[in-house]
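Below is one structure, written out as structure tokens, with a few remarks after it.
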Amino acid sequence: MTTPWSRRAFLAACSGSAVALGLGAAPPAFAAPDEFAALRTRWRTLILGEGFDPGAEPFASRLADLGRTARRYLAAMAPATGSLWPDLPYADADPDTDQESFTYSGNMSTSHTRLSTLAQAYAQPGTGLTGDPALRDAVVTGLGHLHDDVYNAHQPPYGNWWSWQIGAPQALLDTCVLMYDALSAEQIAGCTAAVDHFVPDSAVADYTGTSTGANRVDLCRVLALRGVVGADAAKVALARDALSPVFPYVTSGDGLHADGSFIQHTWVPYTGSYGAVFLGGLGMLFALLAGSSWEVTDENRQIVFDSVEKAWAPFLHNGLVMDGVAGRAISRGLSATDPQAIQQDDHLRGHPVLASVLLLGHGASAAENARWRGLVKGWMRRDTYSPPLADPVLSLPSLARLSDVDKDPAVAAVPEPTGHRLFPAMARATHRRPGWAASLSMAGKRIAYYECGNGENLRGWHTGAGMLYWWGDTFAGGQYSDAFWPTVDPYRLPGTTVSRRLLADGAGGDWGAARPDVNWVGGATDGERAAVGQYLKGLQSTLVAKKSWFFLDDAVVCLGAGITCADGTAVETTVENRNLGSAGDAPFTVDGRVEPVAHPWSETLTGTGWAHIGGHGGYVFPGGATVRALRDARDGSWSSINTGGSPTVLSRTYLTMYVDHGTDPVNASYAYLLMPGASAARTRARAAERDWLTVLANTDDQQGVSVRPLGFTGVNFWFGGTVGTLTASDPCSVLISEKDDGTAVLAVSDPMLMRTGLTLTWRRPVAAVTSAPATVVSATTGRSLTLTFGDLRGTAGVSQRITVRLG
């Protein structure tokens with residue numbers, strides 16, 4: 001048995017469209033008299049799903065769950081002045097834009113979402129409430145109550161603008177589509193008038209403020225559905241046309257940048273949260289309008305298709321979307337108001353992105369669509385920690401799309417690519433090697449330390465202080481999923497250097513208000529390896545430091561220098577803070593000595609050469625180091641980092657290693673190697689290879705390394721100067737990879753976006769420059785190579801790649 005909204009029925013309803021969602025040839029235009037009815041049918045299919053058997057798993061259980069949720073909502077519904085459900089009061093005695101008003105407006109929006117859930121239970125098969133007249137009447141009654149009591153053309157908004165312009169109207173219009181035949185013309189007119197009041201045409205008149213990026217896509221969805229429900233061609237046309245500003249690359253602020261960055265709220269990397277809304281919303285609108293009089297034909301929409309692999313794929317790993325680009329969403333775990341809600345995490349945020357890629361593929365080229373289906377299948381198959389087809393909160397349409405690609409024998413799973421991606425516009429980097437992946441989060445003048453807002457992510461202060469995330473291909477898939485954020489010490493995030501000065505919740509202000517006054521953040525990459533650096537200034541602190549990461553084939557070399565602070569508190573660099581789960585019994589070995597598994601345990605490890613965490617990876621300290629280590633259980637609740645979170649206390653065990661720089665350090669430093677997935681034996685062997693790594697410089701002026709077996713040299717010049725065989729006239733980042741075939745690749749960047757000229761000399765015989773970008777205005781070869789660059793400010797920090805033939 002298939003759903004009533006099968007592909008065949010959908011195509012028939014869409015006036016004979018060859019492929020309603022663009023799965024084949026371009027669909028013909030709708031017949032004009034039936035166009036709005038056909039669009040309603042198409043949207044109904046998009047929000048309910050199609051092509052699945054409601055009696056088969058995983059759909060049968062999900063539909064039954066939907067029915068149970070609907071019964072619970074139905075039983076609790078009690079229309080009264082100021083609320084539709086007693087637990088969601090929306091009447092605000094003092095309407096303004098404070099946190100209390102945000103809560104009331106959020107309750108108003110959530111009330112509409114619950115009605116949408118009831119409407120879905122009515123429309124979906126297998127819920128036990130399918131077509132139930134009492135449920136139908138309750139939804140109609142609820143809509144009428146919300147309209148008369150709060151969401152109407154005479155009500156001034158209060159609290160969060162998003163609730164009135166996006167949250168409530170999207171749910172309202174979805175409900176109108178699903179219950180269209182049960183609503184009178186007067187009721188439809190009342191709903192559309194309310195939407196017109198809160199979302200007037202002027203909401204998309206200018207591409208600015210709250211009408212950019214993902215928010216603009218959401219607003220266009222509201223306008224398009226307003227037009228479809230109210231049979232208003234001008235509204236649908238406005239929605240289509242208002243999408244056009246989101247397609248072109250931007251050079252600052254919200255939207256897609258040419259380097260693959262996605263920014264929202266001007267200063268916040270948001271590929272995995274707002275970016276997911278952006279991608280999913282465009283997929284829905286492209287599919288809705290395909291073949292209609294309002295098809296999206298703007299040629300710049302190809303930029304969105306290109307960004308699937310340029311912007312989103314780099315942050316997807318085995319089904320999860322990396323937390324470093326999820327903003328304040330990392331604090332959304334268990335809910336305080338809904339004890340039956342599922343904890344959100346990086347996997348559950350990633351799965352809808354996979355489904356959105358599949359939907360977007362319907363409007364892309366055949367080659368793109370085929371490639372993306374293979375990528376999605378690979379991500380799905382490798383997500384053993386949280387299998388997407390068992391995702392308890394994934395929407396049924398998304399579940400159906402993922403199930404379809406999973407069962408398609410013609411689709412081969414595409415493996416994770418290897419290589420490095422640097423995103424200068426949002427101070428992020430990703431690195432992939434066989435068996436593991438890593439991600440780095442930084443902050444600078446153009447990117448916030450972190451974002452809080454709406455009472456969310458209250459202690460994300462140091463997530464931009466060089467946090468280094470990493471995952472294994474077949475292990476540690478739940479490293480940041482398993483209650484990491486409410487239980488981790490927020491002053492000891494892995495990779496960061498921080499002052500222990502106590503910070504207030506939300507320190508620095510909401511919406512990414514706090515940004516360090518530094519320009520040098522970024523690096524150079526040849527696409528396989530990278531030299532990345534961050535001039536660090538602490539949040540509400542006197543702390544300054546220079547931090548560098550050199551991303552290599554099986555390791556990340558981490559250097560810190562110039563670490564200086566006068567806060568009167570300790571300063572620490574966290575080498576690792578590994579979430580060991582509830583049991584916390586992973587073995588910890590230091591220089592061949594197995595440390596106690598029992599906890600709490602702590603020790604100062606002097607002269608440490610290497611360490612290893614069983615089932616995770618290894619760490620090498622060139623020349624030896626004094627490292628403090630502890631294994632302890634940490635308690636925390638989601639409510640401690642998010643005012644809407646559950647107060648339930650959770651506990652996880654952590655293995656922490658950190659370098660204690662002391663109180664008020666001056667020019668302190670550190671150096672270590674991270675080796676994800678390495679065995680204890682391989683870690684010990686790397687520590688014994690004294691000539692494998694040479695630290696060329698680790699000072700406040702320059703940081704650089706050479707790895708002779710790899711032919712690798714990387715230097716971050718904080719100031720011009722000489723390091724090893726390299727001399728730079730000005731601040732820059734340089735990477736050199738010498739190849740076995742007698743060639744070499746140089747990657748050079750201007751992370752500060754300030755260089756009007758740069759001269760770089762490599763004292764190595766070079767026979768010829770075989771390729772160079774236009775930014776290289778002259779090149780001298782022979783016993784050494786001298787490159788003269790022109791104005792680099794327009795390169796946006798992107799690496800300039802030069803290839804040479806060695807002499």
Pair Asp196-Lys235, salt bridge (charged side-chain N to carboxylate O under 4.0 Å, His left out): steps then yes or no
CA-CA 10 Å; Asp196 290 346; Lys235 289 286 185 182; 3.5 Å; yes

Have a look at His112 and tell me which of Phe198, Tyr90, Tyr151 forms a ring pair (Phe, Tyr, Trp, His ring centres under 6.0 Å) with it.
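Result: among Phe198, Tyr90, Tyr151, Tyr151 is the only option passing the ring pair (Phe, Tyr, Trp, His ring centres under 6.0 Å) with His112.
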
Tyr270/Trp511 aromatic ring centres below 6.0 Å:
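Tyr270 vs Trp511: aromatic centres not under 6.0 Å.
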
Can you check salt bridge (charged side-chain N to carboxylate O under 4.0 Å, His left out) on Asp132 and Arg71, steps first, answer last?
CA-CA 11 Å; Asp132 184 271; Arg71 285 190 183 90; over 6 Å; no

Scan residues 350-360 for pairs that pass salt bridge (Lys or Arg N to Asp or Glu O under 4.0 Å), counting only residues two or more places apart or in two chains.
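Output for this query is empty, none listed.
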
Over 60° means perpendicular and under 30° means parallel, so tell me whether Phe278 and Phe262 are parallel, tilted or perpendicular.
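Taking Phe262 first and then Phe278, their aromatic rings sit tilted (interplane angle of 30° to 60°).
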
Between Arg221 and Asp174, does any NZ, NE, NH1 or NH2 come within less than 4.0 Å of an OD or OE carboxylate oxygen?
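Salt bridge between Asp174 and Arg221, a charged N being under 4.0 Å from a carboxylate O: yes.
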
How about [X] and [Y]: does a side-chain donor come under 3.5 Å of a side-chain acceptor?
X      : Y      : value
Asp345 : Ser481 : no
Trp485 : Asp323 : yes
Asp98  : Ser101 : yes

Are Val321 and Thr271 close enough that some pair of their side-chain heavy atoms sits under 4.5 Å apart?
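No; the side chains remain at least 4.5 Å from each other.
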
Is there a side-chain contact between Phe59 and Leu396 in this structure, where contact means two heavy atoms from C-beta onward sitting under 4.5 Å apart?
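Sidechains of Leu396 and Phe59: in contact.
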
Take Gln99 and Thr103 through the side chain to side chain contact (heavy atoms under 4.5 Å, CB included) test and state the conclusion after the steps.
CA-CA 6 Å; Gln99 186 59 51; Thr103 298; 4.0 Å; yes

Side chain to side chain contact (heavy atoms under 4.5 Å, CB included) for Arg114 and Thr69? Distances and angles first, verdict last.
CA-CA 9 Å; Arg114 284 189 182 178; Thr69 300; over 6 Å; no

